J.: 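First the structure, which I've put down as structure tokens, then a few questions once you've had a look.
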Amino acid sequence: MAIDQATVRKIASLARIAISDAEAAAMEGELNGILGWVEQLGEVDVTGVEPMTAVIPNTLRLRDDVIDADPLTGGNRRDDILANAPAAMHGFFGVPKVIE
Amino acid sequence: MTELTNLTVAQIRDGHRAGDFSAVEVAEAFNANVAGAKALNAFIVETPEQALSAAEAADADRAAGTLKPLSGVPIGMKDLFCTNGVQTTAASHMLEGFVPRYESTVSQKLWDAGAGMLGKLNLDQFAMGSSNETSYFGNVISPWKRKDGGNAALAPGGSSGGSSSAIAARLCPAATGTDTGGSIRQPAAFTGISGIKPTYGRCSRWGIVAFASSLDQAGPMARDVRDCAIMLENMAGFDPKDATSLNLPVPDWEAALSSDLKGKRVGIPKEYRLEGIDPDIDAMWDAGIAMLKDAGAEVVDISLPHTKYALPTYYIIAPAEASSNLARYDGVRYGLRDLPQGAGLQDMYAATRADGFGPEVKRRIMIGTYVLSAGFYDAYYTQAQKVRTLISRDFTAAFETCDVILAPTAPSAAFGLGEKMADPLAMYLNDVFAVPASLAGLPAMSVPAALNREGLPLGLQIIGKAFDEQGVLNAGLAIEERAGFTARAEKWW
């Protein structure tokens with residue numbers, strides 16, 4: 001199915017990427033080209049075929065239910081977590097005002 | 001004495017152990033090569049002091065008799081692996097200036113094994129690309145040139161193109177790579193080196209910038225098969241921090257290397273004989289078949305009937321997962337923030353992501369967002385997941401009659417930078433032979449096998465059963481010994 005520029009703008013908004021009209025026009029052709037090509041998958045008979053969820057048989061593990069079980073990924077790492085934030089303040093991530 | 005930078009990982013390790021040279025001498029020699037090769041643009045960040053300090057520790061360890069498996073060996077680290085205190089960008093503007101406060105599991109294992117870091121290697125932005133033309137920090141250039149007298153800058157392959165270029169140009173003896181749809185194997189083939197993508201789950205993905213999580217897998221790139229085995233042993237292993245990590249022991253791949261293939265059956269997939277393919281590629285493939293027969297293997301014809309659907313399947317699944325993984329880059333927690341005057345939160349997200357992502361990354365996020373969106377999810381994504389099951393079943397069936405599969409790594413030799421950028425689909429087709437094994441999570445490696453008529457390297461690919469890295473490495477070794485590939489790029493940089 002062909003996508004038009006309005007659809008391109010809708011996808012961009014879902015993906016939270018600002019695009020100009022010129023970019024939307026260019027992407028319309030590119031996305032249609034790629035999507036038209038992948039549509040050949042529709043011709044494959046997949047009756048009774050389960051979608052793949054694990055490429056190598058493996059049971060997903062859960063972490064032990066222990067506070068700070070791993071010193072690297074556990075708690076008490078606020079400064080490390082905020083170290084690369086563009087606007088960290090008072091021990092929190094800073095964002096533009098969202099409540100009037 | 002041979003120049004230290006011409007030595008392999010095994011030769012450096014053994015020579016250092018024997019006291020033929022110091023680790024500091026090795027590190028200084030490679031640091032000098034790195035510093036003198038700016039024209040290749042293989043590194044985003046150089047860390048000569050880290051290479052030196054690891055070398056000093058290695059020399060001290062030798063004196064104390066406490067040598068480690070990679071003592072004295074400096075390596076390059078693809079800039080997709082988070083390195084504590086060293087900028088990690090995934091070659092994107094989005095992560096420019098991001099300095100992780102933690103170390104990826106794979107890189108930590110390598111440092112624990114005694115390796116030193118020469119620097120962070122350039123790549124396609126967020127590992128999306130097959131030519132290293134999507135890096136925010138500029139194209140990586142292959143050290144190879146066509147012998148037609150032309151001076152065209154050639155692609156080192158992608159996405160691990162900084163790794164392949166640096167190894168081929170003797171800037172490092174080995175490097176890490178990651179492979180989502182061929183990103184270790186295709187650049188290895190383009191630059192005349194070796195590289196192996198192990199079974200999905202062998203190497204922890206913790207601390208590696210994510211692209212497509214059901215496909216991404218780290219692996220080594222080096223000059224020969226033995227070095228790949230040594231590196232992989234020191235990268236692989238169970239990691240409780242990665243839920244997809246395999247809880248299996250790491251075999252001693254180097255010790256079990258053997259090019260005697262008696263009793264082994266090699267499958268030749270008829271669907272990989274593409275119409276109109278470069279005759280040099282077909283000739284190399286036929287030569288490879290003869291080499292494996294010479295090593296004692298029996299050659300059998302096999303069929304992988306869903307091969308033609310592998311690329312379109314990949315270009316639904318990988319972008320879908322990428323659109324989800326890259327949602328974390330929102331201008332709040334790390335990396336770039338663009339906050340236009342008076343903008344709200346949503347505008348900040350959109351502006352940050354518009355500025356921080358390059359065109360190829362945006363294209364893939366858009367495709368992924370579309371195929372996952374309401375109304376299209378089943379038609380595209382679920383269908384692709386089902387076809388992926390069929391592709392995987394093809395391999396399972398084929399491995400009932402063979403032990404490993406032999407095919408070309410890429411449909412062509414390295415192309416010129418800029419030659420394929422205008423057409424995303426033409427670029428994607430370059431991974432036609434590499435993607436099926438990725439979709440099935442299988443171990444696969446590329447070894448250099450021949451030069452084409454332009455004097456450029458071509459690679460043969462060996463695909464193995466899940467967990468059978470040994471079978472892949474052994475077949476690779478059999479080709480390596482018989483192909484006698486010794487060509488290298490003449491120094492121009």
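Labels below follow one simple rule: chain letters A, B, ... track the order of the sequence lines, proteins then strands, and each chain is numbered from 1. This is a predicted model, so every value here is computed, not measured.
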J.: Pick one of side chain, backbone, both or neither for A/Val49, based on which atoms fall under 4.5 Å of a heavy atom in chain B.
T.: both
J.: In terms of heavy-atom proximity below 4.5 Å to chain A, should B/Ser245 be classed as side chain, backbone, both, or neither?
T.: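 It is both, since atoms from each part get that close.
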J.: With a 3.5 Å distance limit and no angle check, can you tell me whether B/Thr389 reaches the backbone of A/Glu50 through a side-chain donor-acceptor pair?
T.: yes
J.: Using a cut-off of under 4.5 Å on heavy-atom pairs, state which of A/Ala88, A/Pro86, A/Pro57 scores highest against chain B.
T.: A/Pro86
J.: Find out whether A/Met52 and B/Ile317 are in side-chain contact, i.e. whether some heavy atom of one side chain is under 4.5 Å from a heavy atom of the other.
T.: no
J.: Starting at CD of B/Gln385, measure out to OG1 of A/Thr53 and round the result to the nearest 0.5 Å.
T.: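 These two atoms lie 8.0 Å from each other.
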J.: Can you tell which part of B/Asp338 gets under 4.5 Å to a heavy atom of chain A, answering side chain, backbone, both or neither?
T.: neither
J.: Output the option from B/Ile367, B/Leu442, B/Asp355 having the highest count of non-hydrogen pairs under 4.5 Å with chain A.
T.: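 Highest number of heavy-atom pairs under 4.5 Å: B/Ile367.
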J.: B/Tyr381 versus chain A, heavy atoms under 4.5 Å apart: side chain, backbone, both or neither?
T.: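 When you check distances to chain A, no heavy atom of B/Tyr381 falls under 4.5 Å.
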J.: Would you name the heavy atoms of B/Asp242 and A/Arg61 that are closest together and state the gap between them?
T.: O-NH2, 2.7 Å
J.: What residue, out of B/Ile365, B/Val332, B/Leu311, has the most heavy-atom pairs lying under 4.5 Å from chain A?
T.: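 The candidate making the most pairs under 4.5 Å is B/Val332.
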J.: So which residue, B/Thr199, B/Leu390, B/Leu336, B/Asp330, ends up with the most heavy-atom pairs under 4.5 Å with chain A?
T.: B/Leu390
J.: Could you tell me which portion of A/Asn58 (side chain, backbone, both or neither) has an atom closer than 4.5 angstrom to a non-hydrogen atom of chain B?
T.: side chain
J.: Can you list, pair by pair, the side-chain donor-acceptor contacts under 3.5 Å of residues 340-351 of chain B, counting residues two or more places apart and other chains?
T.:
| unit_1 | atom_1 | unit_2 | atom_2 | d |
| --- | --- | --- | --- | --- |
| B/Gln346 | OE1 | A/Arg16 | NE | 2.6 |
| B/Asp347 | OD2 | B/Gly344 | N | 3.3 |

J.: Taking the side chain as everything from C-beta on, heavy atoms only, tell me whether A/Val38 gets closer than 4.5 Å to B/Tyr380.
T.: yes
J.: Between A/Ser20 and chain B, with a heavy-atom cut-off of 4.5 Å, which part of the residue counts as in contact: side chain, backbone, both or neither?
T.: neither
J.: Side chain, backbone, both or neither: which part of B/Tyr428 has an atom under 4.5 Å from a heavy atom of chain A?
T.: side chain
J.: Based on non-hydrogen pairs under 4.5 Å, which of B/Ser214, B/Gly441, B/Ala243 is most in contact with chain A?
T.: B/Ala243
J.: When you measure from the side chain of A/Asn84 to the backbone N and O of B/Val99, does any donor-acceptor pair fall under 3.5 Å?
T.: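 Checking the backbone N and O of B/Val99 against the side chain of A/Asn84, a donor-acceptor pair under 3.5 Å is found.
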J.: For chain A, which candidate among B/Lys241, B/Arg333, B/Lys308 shows the most heavy-atom pairs at distances under 4.5 Å?
T.: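 Highest number of heavy-atom pairs under 4.5 Å: B/Arg333.
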J.: If you compare all heavy atoms of A/Gly94 against all heavy atoms of B/Arg337, which two are closest, and at what distance to 0.1 Å?
T.: O-NH2, 2.5 Å
J.: Top residue by heavy-atom pair count (under 4.5 Å) with chain B, among A/Glu23, A/Gln40, A/Met27?
T.: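 The candidate making the most pairs under 4.5 Å is A/Gln40.
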J.: Is the side chain of B/Arg353 donor-acceptor paired with the backbone N or O of A/Ala15 at a distance under 3.5 Å, no angle test?
T.: yes
J.: Between A/Glu30 and chain B, with a heavy-atom cut-off of 4.5 Å, which part of the residue counts as in contact: side chain, backbone, both or neither?
T.: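 Interface part for A/Glu30: side chain.
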J.: Heavy-atom pairs under 4.5 Å with chain B - which of A/Ile34, A/Val98, A/Leu82, A/Asp79 has more of them than the others?
T.: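 Highest number of heavy-atom pairs under 4.5 Å: A/Ile34.
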J.: Got more than 12 heavy atoms from elsewhere within 6.0 Å of CZ, A/Phe93?
T.: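 Yes, enclosed.
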J.: Using a 4.5 Å cut-off on heavy atoms from C-beta on, say whether the side chain of B/Tyr370 contacts that of A/Leu31.
T.: no
J.: Do any N or O atoms from the side chain of B/Gln383 and from the backbone of A/Leu41 form a donor-acceptor pair under 3.5 angstrom?
T.: yes
J.: Nearest 0.5 angstrom please: A/Ile3 CD1 to B/Met366 CE, how far?
T.: 7.0 Å
J.: Would you check if A/Val55 and B/Arg388 make a side-chain contact, meaning some heavy-atom pair closer than 4.5 Å?
T.: yes
